[in-house]
Enquirer: 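Just dropping this structure here.
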2 protein chains.
Amino acid sequence: MSVRRSDRLIDMTRYFLERPHTLVTLSFFAERYASAKSSISEDMAIIKRTFANRGTGRLETIPGAAGGALFIPTIKKGEASEIIEDLIQQLSTADRILPGGYLYMSDLLSDPTVLKRVGRLIASEYADEKVDAIMTVETKGIPIAQSVANYLGVPFIIVRHDSKITEGSTISVNYVSGSSAQIKKMELSKRSLKAGTRVLVVDDYMKGGGTLKGMQALITEFEAELIGTTVFAEGSFTGHRMIDNVTSLLSVDANSDEIRIQPGNYLDKVFEQAD
Amino acid sequence: MSVRRSDRLIDMTRYFLERPHTLVTLSFFAERYASAKSSISEDMAIIKRTFANRGTGRLETIPGAAGGALFIPTIKKGEASEIIEDLIQQLSTADRILPGGYLYMSDLLSDPTVLKRVGRLIASEYADEKVDAIMTVETKGIPIAQSVANYLGVPFIIVRHDSKITEGSTISVNYVSGSSAQIKKMELSKRSLKAGTRVLVVDDYMKGGGTLKGMQALITEFEAELIGTTVFAEGSFTGHRMIDNVTSLLSVDANSDEIRIQPGNYLDKVFEQAD
């Protein structure tokens, strides 16, 4: 017996949301619900309309009997702007200021609701690029990388500060930690990144950019390709940044007694054409 | 103008899936869709039925005009068993064996599809407990903790091996690393865990159980409460385990030349009453 439309819409919605950037065929759903492809095609049109109206993302439909659809999570400028304002509000409390002009933000970056929003923002920036993997360095970049990976439907890669026996052979690079001008080492398991992979680099915080520069060196070392670099927050830095063309959701000015948080360059970079 | 039923079902499904274990009121949806509460109530009944039929989880409806519903992700034994068999299959390839009887599994634990399944399995085990936070220790436990946190709708807490200035004051404990019998230190930011918090501990791999024991000591130190402990895989260990009552999805026998992977005690522990 074929499944009712209402039940199909609910189950298809879940199915698409769990598999962003993945083509699901008409045939698959037709068999799953014992329904005609023409009915499934109508269902997809309804889901597409609702996702568009609610700003959930695009459902890209591929026409024809061999066709199907894929869900591309996106965000509208208004919602993106609200999320960034909300992050600023939550971070702008006096009790977050730590000695040395640092900001306590670990609680936000381990809250699933916040991480979903951050992941959706970053994934939307690269929705139309071909990204094969997300790269970050341990520890605090990991939850951001995982959330972006969820929305782009690709794996993430964790660069380590020291080798673990459970990683097998590794390749390492040295890098200059910008804030302290120390030489450090970061390494990556040989089998975790193939030549030609298109990599998006994300991290929680950028000061001088040395860590990001190190990851770029690793990408070169592995003969992979850098697609872009986005950080949750960029801090103020006196001196020459080691890296250009980084997108930031937030900009933190820690040069004064008070910490001042403002929107980063995300909105301008992502929505420049829409204005 | 009120929103059509099909559009409401699609948007409500997304809304519930993004907020597990969170009550959403009839009033909220009634206003969002400019629809009568009675219609919303019917919508919820349809979603509840589909989620139950497809094994997505329970939609618990709270009756009355002030009521609403919350989505509790769960899993059926058959699907849980299939996921575990699939993990075993993926891990049982000769090229994963590393020197010293270790197993390379970083690729699986950074694949969003695998992580969602693992998170859903672990979250289902504690679906009827009151859990306030997930705890893990850096690095490889983090993606698992984040995925479980997503399905339980609570934050996660990352215990560190060494203090970072961006964490503020910390409390540390010493623990015995079971596999190497070394004394190590782990620490946690003071502000990241409040007294009385009900904590679920997760990790990627257990051998002697020393790391898990260390996290339990931290929970006691913070006057929080341990609700349970679940690991992705438990390895074979000769000697006395430092900890009891751990749930494992997989059991890895690395005492021979070949690595043998079998189901852990998860299915027995979680579905014992259903048999």
Side-chain angles (χ1 to χ4, degrees), chain A residues 3-14 17-19 43 46-47 49-51 53-54 56 95 98-100 102-107 110-113 115-116 133-134 138-140 142-143 145-147 149-158 160 164-168 189 191-192 205, chain B residues 3-14 17-19 43 46-47 49-51 53-54 56 95 98-100 102-107 110-113 115-116 133-134 138-140 142-143 145-147 149-158 160 164-168 189 191-192 205:
Chain A
V3 174
R4 268 176 279 200
R5 164 146 291 155
S6 55
D7 295 42
R8 291 199 309 257
L9 291 174
I10 291 164
D11 194 57
M12 285 170 74
T13 297
R14 180 187 61 78
L17 291 174
E18 284 178 358
R19 288 160 190 78
D43 296 341
I46 298 170
I47 294 173
R49 184 185 68 209
T50 305
F51 279 8
N53 287 343
R54 296 280 162 190
T56 305
D95 62 349
L98 297 171
Y102 284 92
L103 193 64
Y104 180 77
M105 50 186 205
S106 298
D107 56 334
S110 56
D111 174 330
T113 309
L115 284 169
K116 279 177 196 166
I134 317 297
E138 60 181 344
T139 297
K140 287 200 283 186
I142 299 173
Q146 181 169 352
S147 186
N150 270 339
Y151 282 99
L152 287 178
V154 298
F156 56 95
I157 297 165
I158 303 173
R160 310 287 299 248
K164 296 285 181 260
I165 37 179
T166 52
E167 296 293 323
S189 166
R191 49 175 116 190
S192 64
Y205 204 78
Chain B
V3 174
R4 271 178 276 201
R5 164 146 291 154
S6 55
D7 296 42
R8 290 199 310 256
L9 291 175
I10 292 163
D11 195 57
M12 284 170 75
T13 297
R14 179 187 62 77
L17 291 174
E18 284 179 357
R19 288 161 190 78
D43 296 341
I46 298 170
I47 295 173
R49 184 185 67 210
T50 305
F51 278 8
N53 288 344
R54 296 280 161 191
T56 305
D95 62 348
L98 298 172
Y102 284 92
L103 193 65
Y104 180 76
M105 49 185 204
S106 298
D107 57 334
S110 57
D111 174 330
T113 309
L115 284 169
K116 278 178 195 166
I134 317 297
E138 61 181 344
T139 298
K140 288 200 281 187
I142 300 173
Q146 180 169 353
S147 185
N150 269 339
Y151 281 99
L152 288 177
V154 298
F156 56 96
I157 296 165
I158 303 173
R160 309 288 297 249
K164 295 285 182 263
I165 37 179
T166 51
E167 296 293 324
S189 166
R191 50 175 116 191
S192 64
Y205 204 77

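Chain naming here is simple, since letters A, B, ... match the order of the sequence lines and numbering starts at 1 in each.
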Enquirer: Counting heavy-atom pairs closer than 4.5 Å to chain A, which one of B:R54, B:M12, B:R19 comes out on top?
Expert: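 Most heavy-atom pairs under 4.5 Å with chain A: B:R54.
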Enquirer: If I measure from the heavy atoms of chain A, does B:S189 come under 4.5 Å with its side chain, its backbone, both, or neither?
Expert: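 When you check distances to chain A, only side chain atoms of B:S189 fall under 4.5 Å.
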Enquirer: With a 4.5 Å cut-off on heavy-atom pairs, point out which of B:D43, B:L98, B:V154 contacts chain A the most.
Expert: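 Highest number of pairs under 4.5 Å: B:L98.
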Enquirer: For the interface with chain A, which of B:P143, B:G168, B:P155 has the highest count of heavy-atom pairs at distances below 4.5 Å?
Expert: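 That would be B:P143.
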Enquirer: Between A:L17 and B:E18, is any pair of side-chain heavy atoms under 4.5 Å apart?
Expert: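 Heavy-atom side-chain distance check fails, nothing below 4.5 Å.
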Enquirer: Please report the shortest heavy-atom distance between A:P112 and B:A149, naming the atom on each side.
Expert: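 Shortest heavy-atom contact: CG-O, 3.7 Å.
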Enquirer: Testing the 3.5 Å rule here: is there a donor-acceptor pair between the side chains of A:T13 and B:R14?
Expert: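 No.
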Enquirer: Going from CG on A:N150 to OG on B:S147, what distance comes out if it is rounded to the nearest 0.5 angstrom?
Expert: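 Here the rounded value is 7.5 Å.
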Enquirer: Examine whether an atom of B:L115 lies under 4.5 Å from a heavy atom of chain A, and if so say whether it belongs to the side chain, the backbone or both; otherwise answer neither.
Expert: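 Only the side chain of B:L115 comes within 4.5 Å of chain A.
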Enquirer: Measuring heavy-atom distances to chain A, does B:Y205 have an atom under 4.5 Å in its side chain, in its backbone, in both, or in neither?
Expert: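 The answer is neither part of B:Y205.
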Enquirer: May I ask you to decide whether A:K140 forms a salt bridge with B:E138, counting only side-chain N to carboxylate O separations under 4.0 Å?
Expert: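 No, A:K140 and B:E138 are not salt-bridged.
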Enquirer: Can you say whether B:L152 sits under 4.5 Å from chain A via the side chain, the backbone, both, or neither, judging by heavy atoms?
Expert: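 Contact with chain A involves no heavy atom of B:L152 at all.
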Enquirer: With side-chain contact (heavy atoms from CB on, under 4.5 Å) as the criterion, how do B:R4 and A:R49 come out once you've worked through the C-alpha distance, each side chain's angles and the decisive distance to 0.1 Å?
Expert: CA-CA 12 Å; B:R4 271 178 276 201; A:R49 184 185 68 209; 3.5 Å; yes
Enquirer: Do you know which of A:L9, A:D111, A:I142, A:D11 has the most heavy-atom pairs under 4.5 Å to chain B?
Expert: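 Of the candidates given, the most pairs with chain B belong to A:D11.
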Enquirer: Under 4.0 Å between a side-chain nitrogen and a carboxylate oxygen: does that hold for B:D107 and A:R191?
Expert: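 No, no charged N to carboxylate O under 4.0 Å.
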Enquirer: Going by the rule side-chain contact (heavy atoms from CB on, under 4.5 Å), which residues pair with A:S110 if we only count those two or more places apart in sequence or in a different chain?
Expert: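 A:S110 satisfies side-chain contact (heavy atoms from CB on, under 4.5 Å) with B:F156 once adjacent residues are dropped.
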Enquirer: Which pair of heavy atoms, one from A:E167 and one from B:S106, lies closest together, and at what distance?
Expert: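 Smallest interatomic distance, heavy atoms only, reads OE2-OG, 2.9 Å.
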Enquirer: Does any backbone or side-chain atom of A:R5 lie under 4.5 Å from a heavy atom of chain B? Answer side chain, backbone, both or neither.
Expert: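 Neither; nothing under 4.5 Å.
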Enquirer: Can you tell which part of B:I46 gets under 4.5 Å to a heavy atom of chain A, answering side chain, backbone, both or neither?
Expert: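 Interface part for B:I46: both.
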Enquirer: Would a 4.5 Å heavy-atom cut-off, applied to side chains only, mark A:V3 and B:T50 as touching?
Expert: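 No; the side chains remain at least 4.5 Å from each other.
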